[in-house]
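Step one of this worksheet: look at the structure below.
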Amino acid sequence: MLGLGSRMNTSALPDFVVKHFGDPLWAAMIYFGVRALFIRMLSMKALVLSLGFCFVIECSQLYQAGWIINLRNTLFGGLIFGKGFLYADLIRYIVGAIAAYALDRVLKEKEQP
């Protein structure tokens, strides 16, 4: 919900938030999705898998066939597949996935007696 809010309420948010928060939040969502789907997977492996997924999606934006451009121009297609390749997005994904990984580790430590 935070990621959608950062993309939809752009006039109510600072420019820095609009420009830089969506991609890290998306990467964090992917990380926690991987952790939810593969409960027994080591958290470091989930981090690598989620970053790999994010990087593949970002690199897929270099492919510019008509059908995928039309898909990206839809709300859900744009949210899932993005609109255009940016190297900066790769850095944002790393920041978001590592932040999610760190939060996951902190929460795990608090669970243990």
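FYI, the numbering just counts along the sequence from 1. Hydrogens, waters and symmetry mates are skipped; everything else that's a heavy atom, side chains included, is used.
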State, with a plain yes or no, whether a side-chain heavy atom of [X] is found less than 4.5 Å away from one of [Y].
X: Leu71; Y: Phe76; value: no
X: Ser60; Y: Arg72; value: yes
X: Leu90; Y: Phe85; value: yes

Hydrophobic clusters here meaning ILVMFWY residues chained together by side-chain heavy-atom distances under 4.5 Å, can you tell me if [X] and [Y] are in one?
X: Leu107; Y: Ile30; result: yes
X: Leu49; Y: Val56; result: no
X: Leu103; Y: Met44; result: yes
X: Tyr101; Y: Val48; result: no

Heavy-atom donor-acceptor pair, Gln61 side chain to Phe81 backbone, under 3.5 Å: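 Checking the backbone N and O of Phe81 against the side chain of Gln61, a donor-acceptor pair under 3.5 Å is found.
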Sequence-distant partners of Ala100, side chain to side chain contact (heavy atoms under 4.5 Å, CB included), two or more places apart: Ala28, Tyr31, Phe32
Any residue meeting side chain to side chain contact (heavy atoms under 4.5 Å, CB included) with Lys45, in chain and number order, not counting sequence neighbours: Met41, Leu42
Atom of Ala97, atom of Ser50 and distance for their closest heavy-atom approach: CB-OG, 4.4 Å
Pairs touching residues 83-96 that satisfy side-chain hydrogen bond (donor to acceptor under 3.5 Å, both in side chains), sequence neighbours left out: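 For residues 83-96: His20-Arg92, Glu58-Tyr93, Asp89-Arg92.
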Partner set under salt bridge (charged side-chain N to carboxylate O under 4.0 Å, His left out) for Arg35, not counting sequence neighbours: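 Once residues adjacent in sequence are excluded, the partners of Arg35 under the salt bridge (charged side-chain N to carboxylate O under 4.0 Å, His left out) criterion are Asp104.
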For Ser43, side chain to side chain donor-acceptor pair (under 3.5 Å) partners two or more places apart: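 Partners of Ser43 by the side chain to side chain donor-acceptor pair (under 3.5 Å) criterion, ordered by chain and then number, come out as Arg105.
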From Leu47 atom CG to Ile98 atom CD1, the distance as rounded to the nearest 0.5 Å: 6.0 Å
ring-ring contact (aromatic ring centres under 6.0 Å, His included): pairs with one or both residues in residues 33-55, sequence neighbours excluded: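 Sorted pair list comes back empty.
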